Amino acid sequence: MLPADDLAADLREAVRHGDLFAVFQPLIDVASGSIVAVEGLCRWKRDHGAPVTPDEFIPLAEKLGLIHEVGRFMLDECLAAVDHWRRAGTPLEVSVNVSPTQLAAESFSTYVSEELSRRALTASALTIEITESLPMPDIVAIVPRLHRLLALGIGVSLDDYGTGHASADRLESVPVTELKLDRSLIQGDSRQVMRALIVAVERARERGLRIVAEGIETQAHLTLARNLRCDRAQGYLLGAPMRIWDVDALLAA
Ligand code: C2E
Ligand code: CA
Ligand code: CA
């Protein structure tokens, strides 16, 4: 393991030299079983040293002020992929993870909207994912930004639902189109977790939100997602994050 300073210098170099790349994880429509969307996830191609996961380098990019560059790169890769699948006659939607720092920028929604127009993509093909694990004041601060994205027709997903400390009541005031149930809920086996899961799904459905189950690793998890009448499901059982050409192969199969 490199000392933190070396890692920071390496990440700066990686961003500058284009050593990041995007992988895409399928999102399956639970009712039909077909791929309807993908989530774009960032990877760092390192030619030396141990691999570094996004859980490590995304917070580091935030700290170093590199997150805007990383975010622009990922949005571009994800929209280019959507354009590619549309042209191929197999349209897919895309979800992109966005950090609070990116959303805090005044220009964020304009930038996203321009990028969609540049490729003549419909806004509904894009969903922005924000994590529920943020402190509530940080979530409240980005609410006006979320309204702007929604007004443009872009989807907003509350990711990692069930991991944060905010109560369900407070989260009701956060404007989103989708709730992504964290894998700790899907994979949890206690009665308490199951109760929390059922309540979350009922409330989300009352709000008319799309419900996505994350962390589907086994047939039992998929059955649970089906029984809960989740709209979409994502997890290693259904497809790991993969390069764009592997998504193409999956679509062709
Ligand atoms: P996330 O947004 O919750 O993404 C889902 C993570 O769960 C991914 O990890 C994915 O590879 C992993 N995963 C998918 N299916 C399964 C499963 O069935 N079981 C288990 N155990 N894990 C599964 P990954 O790619 O390592 O990303 C970790 C986190 O890093 C992401 O969590 C997200 O918060 C952040 N991240 C990744 N790419 C980006 C990015 O481009 N921008 C920002 N801001 N954050 C990113
Ligand atoms: Ca996510
Ligand atoms: Ca998640």
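Since the structure is predicted, the reported quantities are computational estimates derived from the model, not experimental observations. Numbering of residues begins at 1 and proceeds along the displayed sequence.
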E178 and S157 side chains, donor-acceptor separation under 3.5 Å: yes

Side-chain (E114) to main-chain (Y111) donor-acceptor, under 3.5 angstrom: no

Rounded distance [0.5 Å steps], CG in L209 versus CD1 in I211: 7.0 Å

Inter-residue atom distance M136.CE - S173.OG, 0.5 Å rounding: 4.5 Å

ILVMFWY cluster membership beyond Y236 - transitive side-chain contacts under 4.5 angstrom: none

Expected output: side-chain E202 to main-chain V199 donor-acceptor under 3.5 Å: no

Pair D160-T163, side-chain donor/acceptor within less than 3.5 Å: no

Sequence-distant partners of E172, salt bridge (charged side-chain N to carboxylate O under 4.0 Å, His left out), two or more places apart: R203

side-chain hydrogen bond (donor to acceptor under 3.5 Å, both in side chains) against R191, all qualifying residues, sequence neighbours excluded: none

Carboxylate-amine/guanidinium proximity below 4.0 Å for E93 and R232: yes

Remaining members of the apolar cluster that contains V23, side-chain heavy atoms under 4.5 Å: F21, L41

Partner set under side-chain hydrogen bond (donor to acceptor under 3.5 Å, both in side chains) for R86, not counting sequence neighbours: D83

Other ILVMFWY residues reachable from V36 by side-chain steps of under 4.5 Å: none

